[in-house]
Novice: 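Before I ask anything, let me first share the structure, which is written out below as structure tokens.
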Amino acid sequence: MAASSVFVEACLGRSVDRLPVWLMRQAGRYLPEYRELRGRFPFLTLCKTPSLAAEVTLQPVERFRMDAAILFSDILLILEAMGVELAFGEKGGPRLGSGEPGEERVRLLSVPDPADDMGYVLDAIRQIKGSLPDGCALIGFSGAPFTLATYLIEGGTSRDFYATKAFMYRQPSAFHGVMEKLVDALEPFLKAQIAAGVDAVQLFDTWAMILSPADYGKFVLPHMQRLVAGLKNQGAPVLHFSLGTSTLFKEMVRIGADVLSLDWKIDMGEARALLGPTQAVQGNLDPFALFQDTAGLEASVRGILEKGSRWPGYIFNLGHGVHPKTPVEKVRRLVEVVHGFPVGGADQGAQG
Ligand code: CP3
């Protein structure tokens with residue numbers, strides 16, 4: 001069991017003898033072995049074929065020995081299981097529905113049964129667990145309700161989120177209804193992932209950044225609190241991901257997640273000081289810092305490690321996903337630098 005992995009220990013705020021590292025989108029187009037498989041299968045086929053999803057999940061951890069693997073899948077698949085058409089074109093990102101107004105798509109939503117409707121995810125988890133390197137944890141995930149609501153209401157990605165915000169402000173109780181239905185679907189799905197073997201779950205709230213603190217507190221926070229409370233005592237820490245949200249820290253600490261993600265726009269030392277010694281965090285290298293020369297990259301990584309490892313509860317990561325053009329050798333060097341970094345900063349160990 002990976003219960004004693006350095007990754008899980010750090011999520012729980014415990015002292016570790018070396019710092020854990022994993023990268024968002026660590027399985028993906030920057031890896032030649034991913035591009036090779038992807039050349040043969042559409043993205044959704046990779047996600048829905050457990051043996052292929054397992055193979056892609058394991059590619060980066062076999063190559064670089066990260067401390068955690070993240071299940072290869074996508075946050076939007078649950079919307080398909082809830083009754084909405086989903087397509088990934090070669091250009092232009094994902095598309096939900098077939099052009100009907102968002103309010104109609106919202107009416108379509110049903111709560112899926114994880115085993116019947118998303119069994120391919122659970123099968124992939126079981127296969128991955130059988131082949132993970134020793135000490136490597138497996139992270140399951142879902143979208144957070146707000147980010148899923150934006151895709152659902154917009155029908156895809158958006159520049160200004162007009163449709164989402166118009167819906168939220170004009171029909172607040174219907175908007176809360178959508179958020180509730182999403183939580184009703186996400187909680188059993190994440191519990192099923194944990195039962196199938198994931199060691200932690202991450203909730204991706206990519207678009208939380210578009211909200212004011214007051215609106216986040218009103219329209220999002222209560223739903224996040226219900227979801228995270230439902231996941232307590234399941235034996236898997238909960239990580240929260242967002243970016244561009246250091247102005248929402250006061251609200252986000254109230255979610256109750258074990259780990260909060262930080263993007264590169266806030267200084268790691270300042271973020272840890274603001275959040276305090278008991279809030280575990282992950283982050284926060286700019287994904288484009290991997291395009292520097294090796295010495296520059298090493299300096300950027302060490303700068304963050306020194307500040308991040310001041311207290312226990314620190315996981316090295318990027319502030320967002322690995323860019324598809326990232327040189328593979330820079331990812332290797334990044335992992336080596338984190339693993340070679342001596343733990344035992346000023347206060348580490350104090351909480352034994
Ligand atoms: O991190 C991982 O390696 C695990 C797998 C994973 C993917 N998507 C695979 C993927 C995870 C955790 C996600 C989450 C996800 N998906 C988010 C939240 C995180 C974030 O990036 O902000 C969002 C918003 C999505 C929705 C989504 N999926 C978009 C907007 C796109 C198209 C843009 C893009 O990067 O290509 C995807 C496609 C997608 N999801 C790819 C991968 C590897 C690219 C597919 C390909 O090979 O063409």
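Whatever order the structure lists them in is the order used to number ligands and atoms, beginning at 1. Quick caveat, the model's predicted, so the values are computed rather than measured.
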Novice: Any side-chain donor paired with an acceptor under 3.5 Å for Ser51 and Gln127?
Specialist: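 There is no such pair between these side chains.
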Novice: At a 4.0 Å threshold, what atoms of ligand 1 neighbour a non-hydrogen atom of Tyr151?
Specialist: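 Reading through ligand 1 atom by atom, the close ones are 24 (C), 30 (C).
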Novice: Should one rank Asp74, Leu44, Val56, Leu46 by closest heavy-atom distance to atom 26 (C) of ligand 1, which comes out on top?
Specialist: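 Ranked by closest heavy atom to atom 26 (C) of ligand 1, first place is Asp74.
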Novice: Does some side-chain heavy atom of Leu260 sit less than 4.5 Å from a side-chain heavy atom of Leu239?
Specialist: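 Sidechains of Leu260 and Leu239: no contact.
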Novice: At a 4.0 Å threshold, what atoms of ligand 1 neighbour a non-hydrogen atom of Leu71?
Specialist: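 Heavy-atom distances to Leu71 below 4.0 Å select 4 (C), 5 (C).
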Novice: What residue and atom, counting heavy atoms only, is the protein's closest point to atom 48 (O) of ligand 1, and at what distance?
Specialist: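 Sorting protein heavy atoms by distance from atom 48 (O) of ligand 1 puts Arg38 NH2, 3.0 Å first.
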Novice: For the residue pair Phe288 and His323, does the interplanar ring angle fall in the parallel (under 30°), tilted (30 to 60°) or perpendicular (over 60°) class?
Specialist: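 The arrangement is tilted - the two ring planes meet at 30° to 60°.
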Novice: Are Asp184 and Arg226 within salt-bridge range, i.e. N to O under 4.0 Å?
Specialist: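 A salt bridge links Asp184 with Arg226.
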Novice: Show which atoms of ligand 1 fall inside a sub-4.0 Å distance from at least one heavy-atom site of Phe72.
Specialist: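 Going through ligand 1 atom by atom, the ones under 4.0 Å from Phe72 are 43 (C).
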Novice: Please state which option from Ala144, Pro324, Ser73, Ser142 has its nearest heavy atom closest to atom 9 (C) of ligand 1.
Specialist: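 Among Ala144, Pro324, Ser73, Ser142, the closest heavy atom to atom 9 (C) of ligand 1 comes from Ser73.
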Novice: Any N/O of Arg29 closer than 3.5 Å to an N/O of ligand 1?
Specialist: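 N/O-N/O distance below 3.5 Å exists for this pair.
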Novice: Provide, to 0.1 Å, the distance between atom 47 (O) of ligand 1 and the closest protein heavy atom, together with that atom's residue and name.
Specialist: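 In this structure, atom 47 (O) of ligand 1 has Tyr34 OH, 2.5 Å as its nearest protein heavy atom.
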Novice: With atoms numbered from 1 as shown, which atoms in ligand 1 lie under 4.0 angstrom from a non-hydrogen atom of Ile75?
Specialist: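 Counting from 1, the qualifying ligand atoms are 14 (C), 15 (C), 16 (N), 17 (C), 23 (C), 24 (C), 25 (C).
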Novice: If the threshold is 4.0 Å, N to carboxylate O, is there a salt bridge linking Glu251 and Arg254?
Specialist: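 Arg254 and Glu251: not salt-bridged.
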Novice: Has ligand 1 got any nitrogen or oxygen that is less than 3.5 angstrom from a nitrogen or oxygen of Thr147?
Specialist: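 In fact, backbone or side chain, Thr147 has no N or O that close.
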Novice: Hey, are the side chains of Leu96 and Leu79 touching, using non-hydrogen atoms and a 4.5 Å cut-off?
Specialist: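 Yes; the side chains approach each other to less than 4.5 Å.
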Novice: Show me which atoms of ligand 1 lie under 4.0 Å from any heavy atom of Phe204.
Specialist: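 Near Phe204, the atoms of ligand 1 are 12 (C), 18 (C), 19 (C).
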Novice: Could you identify the single nearest non-hydrogen protein atom to atom 1 (O) of ligand 1 and state the distance to 0.1 Å?
Specialist: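 The answer is Arg25 N, 2.8 Å.
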Novice: Please determine if Arg40 and Glu36 form a salt bridge, counting it only when a charged side-chain N lies under 4.0 Å from a carboxylate O.
Specialist: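 Yes, Arg40 and Glu36 are salt-bridged.
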Novice: Do you see a protein non-hydrogen atom under 4.0 Å from atom 33 (C) of ligand 1?
Specialist: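 No, there is none.
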Novice: Determine whether any heavy atom of Trp207 lies closer than 4.0 Å to an atom of ligand 1.
Specialist: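 Distance cut 4.0 Å: Trp207 fails for ligand 1.
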Novice: Listing request: all ring pair (Phe, Tyr, Trp, His ring centres under 6.0 Å) pairs with a residue in residues 87-119, at least two apart in sequence or in separate chains.
Specialist: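 Pairs touching residues 87-119 that pass the test: Phe43-Phe88.
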Novice: Using a strict cut-off of 4.0 Å, indicate which atoms of ligand 1 neighbour a heavy atom of Ala27.
Specialist: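 Counting from 1, the qualifying ligand atoms are 3 (O).
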Novice: With a 4.0 Å cut-off, would you call Lys218 and Asp215 a salt bridge?
Specialist: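 Salt bridge absent between Lys218 and Asp215.
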Novice: Measure the distances from the heavy atoms of His320 to every atom of ligand 1 and state whether one is below 4.0 angstrom.
Specialist: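 Heavy atoms of His320 do come under 4.0 Å of ligand 1.
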Novice: Counting heavy atoms only, which part of Pro94 comes closer than 4.0 Å to ligand 1: side chain, backbone, both or neither?
Specialist: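 Within the 4.0 Å criterion, Pro94 contacts ligand 1 through side-chain atoms alone.
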Novice: Going by the atom numbers of ligand 1, which of them fall below 4.0 Å from some non-hydrogen atom of Thr206?
Specialist: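 Taking each heavy atom of Thr206 in turn, ligand 1 has 18 (C), 19 (C), 20 (C), 22 (O), 24 (C) under 4.0 Å.
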Novice: Below 4.0 angstrom, N of the basic side chain to O of the carboxylate: do Glu187 and Lys191 qualify?
Specialist: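 Looking at Glu187 and Lys191, the cut-off is met.
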Novice: What pairs with His176 under side-chain contact (heavy atoms from CB on, under 4.5 Å), at least two apart in sequence or on another chain?
Specialist: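 side-chain contact (heavy atoms from CB on, under 4.5 Å) check on His176 returns Phe219, His223.
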Novice: For ligand 1, which atoms have a heavy atom of Gln26 less than 4.0 angstrom away?
Specialist: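 Under 4.0 Å from Gln26, ligand 1 has these atoms: 3 (O).
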Novice: With the threshold set at 4.0 Å, does a side-chain nitrogen-carboxylate oxygen contact exist between Glu80 and Lys48?
Specialist: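 Counted as a salt bridge, because a side-chain N and a carboxylate O are separated by less than 4.0 Å.
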